[in-house]
Amino acid sequence: MSGTTRRTHRCGELRAEHVGQLVKLGGWVHRRRDLGGIVFIDLRDRAGIVQVAVGPDAPEEVRRSASGLTGESVVEVFGKVVARPADMKNPELATGDIEVHATKLVKVGSAVTPEIPVARAKSEELPAEELRLKYRHLDLRRPEMQANLILRHRLLQRARKTLSDLEFLEIETPILTKPTPEGARDYLVPSRVHPGECYALPQSPQIYKQLLMVSGFDRYFQLARCFRDEDLRYDRQPEFTQIDLEASFVGAEDVQGFVEAVLTALWDEAGHAVERPFRRITWQESMERYGTDKPDLRYEGLAIVDWTAQVESLGVPFFAAHKDGARVRGLAVKGGGALSRKDVDQLAETAKQFGGAGLAWVKRQGDQLSGSVAKHFSLEALGRLGVGDGDAALMTVGPDRVTSPVLDKVRQELIRRLAPPPARPHAFCWVVDFPLFESEPGTGRPVFAHHPFTAPHPEDVAKLDREPLACRALHYDAVYNGHELGSGSIRITEPALQRTVFRHLGLSPQETEARFGFLLTALAAGAPPHGGFAVGFDRVAMLLAGAGSLRDVIAFPKTTAARALFEGAPAPARPEDLAALHIQVTA
RNA sequence: GGGGCUGUAGCUCAGCUGGUUAGAGUGCCGGUCUGUCACACCGGAGGUCGCGGGUUCGAGCCCCGUCAGCCCCGCCA
């Protein structure tokens, strides 16, 4: 399969079974070891590395060109696959049982000295990320990056096949779309033919896929490129790929079933067995027990507990200083006795960083109690918190909106420091029953927590006007080991309800018509019940590749300042191009 | 928009309390070498200490500004 008119195999494919065969290879010089009378060349391609030997028996011109080769030049080699004697095998190389004795060797692409190394010493750090991005063609030659992108390819194919087998149709949607003032900032593309008007790149194909449901396509998917002009993180790029899907005549469980099928297939592709169905946890329970809407359920046992009642009579001043809706919540840390004073101080620092009041703590070793509030506790009082010998209790106080994120961060930090064995390596869950609204920081005004097409929970529709913050949404997130993999919802199909939601968003009927008229028109034309989901594919690839950032699973990513260092984007526009687009630059 | 870390040879890094000529490994160039696999050994070249300003008798080191990369907060319906 890998053979062409210029080669018979890939370098990294050769094994003992090929011994005796005459092969033709093409690859890059990974390393060269010139011993004088014999030269070894590690020849590399996407399949791996094979050792080419040019010994005293090789033709004179082969020996000459072999000794003049420099790193990263491209050579074509003709030779014989030979078994290596037992004491010369290299167990660290997949091809290490054999080597190729070259009878012909031609440099077909000479290479300047690479700006960053492709072949690194074992202990050598990676070049600075700036250089890796600038010389991306070299960075991508490294076997680790090749493996990442090869895995990414396999994951994409597997997703495509899984959904196609489930009768989903792959349908492409526009890249030049309509600006949406809500949500993330749009990337705008000015129109030449319509002065002052712009297209926007899609933040997601959301409305299109709903239109496809109205059109009767039933089940849609797309490996969709999406664009959001927001600030970046290690796990956020301005352009990214979603496994986007939508289905008709479904409830939330149906959509979740489809998504589980895709995710388990992807994990299987990466060699991991995953159990279905995924566990379900309500948003409320997740916030209560883990302080976050993306709980890491590998460590279920370490959960946040409400100790307000248990500590009330102890007279701890730290707790008493907080009133009015404040609860005392904390973590009973099995084996927390192992935490040093410094550990706890740093945890308390973390708590303060995230706006908490700080951290009160008690540690028990034998009958000895120690810690910032130890003098207020007896063994019995501590026992009521579930804290035994060798354990520790970490506590904080305040309103949930403060203590939840604080305890979430403290919990994550504890897991990092104590590294307890996970109950399961792959902890998937569905977080369900999200609130439809959240209160806007500052004003406390209810604002939509999701996109405005998310259906309210049928039981809560009556509360829409009276108690918006108590309304649940038919919205669900897929969470894996504390990472959000994606989210989805059942959509509104009733035009009147959709108009009500837009009104809650503060849109006038005129604005609603102008921005979403085409969706409302479609919904009025006979819309099937439908819902869908979008998997953040880059993040999945990052997790399955064990990569440290999205940049390591994207061939040509942007920097945190949204620059492309390789090709140099963005770049100043030429005045004549701006003129054609009717644009004046003021900055 | 705000905060933090980093920036010294092609690359990875060291550089003491501010002190004379800025170092190591690797890569590169030249040489020796017939079983290496990070080959070994000998020799050599290679520096705008990110950039600009300031303090000082003297700055890689201190101060101010700025640029770039990364991480975090805000932001990401």
Side-chain angles (χ1 to χ4, degrees), chain A residues 30-43 49-58 63 67-68 70-72 82 84-93 95-96 99 101 111-135 138-139 180-186 203-204 206-207 226-238 240 350 353-355 405 409 434 436-438 440-442 447-454 473 475 484 487 489 501-502 504-507 536 548-549 551 558-563 565:
Chain A
H30 190 68
R31 258 192 260 274
R32 196 173 58 94
R33 291 174 294 282
D34 188 343
L35 275 60
I38 185 166
V39 180
F40 297 103
I41 300 156
D42 286 342
L43 198 62
I49 289 171
V50 71
Q51 173 166 282
V52 175
V54 177
D57 303 335
R63 296 177 58 196
S67 62
T70 55
E72 295 307 312
V82 176
R84 296 202 207 179
D87 58 336
M88 293 173 197
K89 290 183 178 179
N90 184 348
E92 284 177 30
L93 219 52
T95 59
E99 64 188 8
H101 289 191
V112 298
T113 301
E115 289 84 355
I116 57 172
V118 177
R120 276 166 36 247
K122 276 179 186 129
S123 59
E124 190 178 356
E125 296 291 326
L126 283 173
E129 183 124 19
E130 186 176 357
L131 296 170
R132 293 180 51 204
L133 293 171
K134 184 167 175 189
Y135 304 105
L138 293 175
D139 194 47
T180 52
E182 300 78 22
R185 222 171 277 119
D186 281 324
Q203 296 179 26
S204 83
Q206 182 62 33
I207 293 181
C226 305
F227 308 86
R228 292 179 193 173
D229 188 3
E230 296 292 345
D231 289 342
L232 309 180
R233 293 283 190 281
Y234 78 101
D235 61 349
R236 271 164 35 188
Q237 280 276 307
F240 57 99
T350 303
Q353 243 167 27
F354 287 87
K409 293 294 181 304
F434 272 74
L436 187 59
F437 299 91
E438 57 197 15
E440 195 176 56
V447 293
F448 274 86
H450 321 286
H451 62 61
F453 318 113
T454 303
H475 175 103
E484 181 194 324
S487 59
S489 64
V501 166
F502 286 136
H504 271 96
L505 261 177
L507 294 183
S549 106
R551 293 183 297 275
K558 305 284 189 284
T559 68
T560 48
R563 279 196 180 279
L565 297 184

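To find a chain, count down the sequence lines: A is the first, B the second, and so on, and within it residues start at 1. Small disclaimer: the values here were computed from a predicted structure and weren't measured.
Rounded to whole Å, the C1' atom of B/G3 lies 15 Å from the corresponding atom of B/C75. Taking atom P in both B/G18 and B/C64, one finds a spacing of 16 Å when rounded to whole Å. Nucleotides B/G65 and B/A22 have their P atoms positioned 30 Å apart, rounded to a whole Å. As rounded to the nearest Å, B/G53 and B/G58 have P atoms that lie 16 Å from one another. When the P atom is used for both B/G2 and B/A45, the distance is 48 Å, rounded to whole Å. When the C1' atom is used for both B/U20 and B/C29, the distance is 32 Å, rounded to whole Å. Look at the C1' atom in both B/C62 and B/U55: the space between them is 8 Å, to the nearest Å. Comparing B/G19 with B/C61, their C1' atoms are spaced 11 Å from each other, to the whole Å.
Every residue two or more places apart in sequence or in another chain that forms a ring pair (Phe, Tyr, Trp, His ring centres under 6.0 Å) with A/Phe502 is listed here: A/Phe516. Residues forming a ring pair (Phe, Tyr, Trp, His ring centres under 6.0 Å) with A/His30 (at least two apart in sequence, or on another chain): none. A/Arg236 is linked by a salt bridge (charged side-chain N to carboxylate O under 4.0 Å, His left out) to nothing, counting only residues two or more places apart in sequence or in another chain. Judged as a side chain to side chain donor-acceptor pair (under 3.5 Å), and not counting sequence neighbours, the contacts of A/Glu72 are A/Arg44, A/Arg141. Not counting sequence neighbours, the partners of A/Arg33 by the side chain to side chain donor-acceptor pair (under 3.5 Å) test are A/Asp42, A/Gln51. For A/Glu230, the salt bridge (charged side-chain N to carboxylate O under 4.0 Å, His left out) partners at least two apart in sequence or on another chain are A/Arg185. Remark: A/Phe240 engages no residue in a ring pair (Phe, Tyr, Trp, His ring centres under 6.0 Å) (not counting sequence neighbours).
The distance between atom CG of A/Leu565 and atom P of B/G7, rounded to the nearest whole Å, is 19 Å. One can place CD of A/Glu125 at 14 Å from C1' of B/A14, the figure rounded to the nearest angstrom. Straight-line distance from the CG atom of A/Leu131 to the P atom of B/U6: 18 Å, rounded to whole Å. Remark: C1' of B/C11 and CD1 of A/Ile116 are 9 Å apart, rounded to the nearest angstrom.
Aromatic ring orientation, A/Phe448 versus A/Phe437: tilted (interplanar angle from 30° to 60°). Ring geometry, A/His475 versus A/Phe434: the interplanar angle exceeds 60°, so the pair is classed perpendicular (tilted spans 30 to 60°).
The nucleotide B/U56 finds no pairing partner, because no Watson-Crick or G-U wobble arrangement with both distances shorter than 3.5 Å includes it. Summarising the base pairing, B/G7 is matched to B/C67 through a Watson-Crick or G-U wobble pair whose two defining distances lie under 3.5 Å. With a 3.5 Å ceiling on both atom-pair distances, the Watson-Crick or G-U wobble partner of B/G30 is B/C42. Pair check for B/G23 finds B/C13; Watson-Crick or G-U wobble, both atom distances under 3.5 Å.
Closest to the side chain of A/Thr113, from the set B/C11, B/C28, B/G69, is B/C28.
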Identify the pairs formed between an N or O of the protein and an N or O of nucleotides 70-77 of chain B at a distance under 3.5 Å, and give each distance.
{"from": "B/C70", "atom 1": "OP1", "to": "A/Thr560", "atom 2": "N", "distance (Å)": "3.2"}
{"from": "B/C70", "atom 1": "OP2", "to": "A/Thr560", "atom 2": "N", "distance (Å)": "2.6"}
{"from": "B/C70", "atom 1": "OP2", "to": "A/Thr560", "atom 2": "OG1", "distance (Å)": "2.2"}
{"from": "B/C70", "atom 1": "O3'", "to": "A/Arg551", "atom 2": "NH2", "distance (Å)": "2.9"}
{"from": "B/C71", "atom 1": "OP1", "to": "A/Arg551", "atom 2": "NH2", "distance (Å)": "3.0"}
{"from": "B/C71", "atom 1": "OP2", "to": "A/Arg551", "atom 2": "NH1", "distance (Å)": "3.4"}
{"from": "B/C73", "atom 1": "OP2", "to": "A/Arg233", "atom 2": "NE", "distance (Å)": "3.2"}
{"from": "B/G74", "atom 1": "N7", "to": "A/Arg233", "atom 2": "NH2", "distance (Å)": "3.0"}
{"from": "B/G74", "atom 1": "O6", "to": "A/Arg233", "atom 2": "NH1", "distance (Å)": "3.0"}
{"from": "B/G74", "atom 1": "O6", "to": "A/Arg233", "atom 2": "NH2", "distance (Å)": "3.3"}
{"from": "B/G74", "atom 1": "N1", "to": "A/Asp231", "atom 2": "OD2", "distance (Å)": "2.6"}
{"from": "B/G74", "atom 1": "N2", "to": "A/Asp231", "atom 2": "OD2", "distance (Å)": "3.0"}
{"from": "B/C75", "atom 1": "O2'", "to": "A/Glu230", "atom 2": "OE1", "distance (Å)": "2.6"}
{"from": "B/C75", "atom 1": "O2", "to": "A/Arg236", "atom 2": "NH2", "distance (Å)": "3.2"}
{"from": "B/C75", "atom 1": "N3", "to": "A/Arg236", "atom 2": "NH1", "distance (Å)": "3.3"}
{"from": "B/C75", "atom 1": "N3", "to": "A/Arg236", "atom 2": "NH2", "distance (Å)": "2.8"}
{"from": "B/C75", "atom 1": "N4", "to": "A/Arg233", "atom 2": "NH2", "distance (Å)": "3.4"}
{"from": "B/C75", "atom 1": "N4", "to": "A/Arg236", "atom 2": "NH1", "distance (Å)": "3.2"}
{"from": "B/C76", "atom 1": "O2", "to": "A/Arg236", "atom 2": "NE", "distance (Å)": "3.4"}
{"from": "B/C76", "atom 1": "O2", "to": "A/Arg236", "atom 2": "NH1", "distance (Å)": "3.2"}
{"from": "B/C76", "atom 1": "N3", "to": "A/Arg236", "atom 2": "NH1", "distance (Å)": "3.0"}
{"from": "B/A77", "atom 1": "OP2", "to": "A/Arg228", "atom 2": "NH1", "distance (Å)": "3.4"}
{"from": "B/A77", "atom 1": "O4'", "to": "A/Gly183", "atom 2": "N", "distance (Å)": "3.3"}
{"from": "B/A77", "atom 1": "O3'", "to": "A/Phe448", "atom 2": "O", "distance (Å)": "3.0"}
{"from": "B/A77", "atom 1": "O2'", "to": "A/His450", "atom 2": "N", "distance (Å)": "3.2"}
{"from": "B/A77", "atom 1": "O2'", "to": "A/His450", "atom 2": "O", "distance (Å)": "2.1"}
{"from": "B/A77", "atom 1": "O2'", "to": "A/His451", "atom 2": "N", "distance (Å)": "2.9"}

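Here A/Thr454 lies out of heavy-atom contact (under 4.0 Å) with every strand.
Nearest heavy atom pair, residue A/Ile38 against residue A/Gly55, reads CG1-CA, 3.8 Å.
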Practice task
Would you mind building the protein contact string for nucleotides 32-43 of chain B? One character per nucleotide, 5' to 3', B for base within reach (heavy atoms under 4.0 Å), S for sugar-phosphate only, - for untouched.
Solution key: -BBBBBBB----
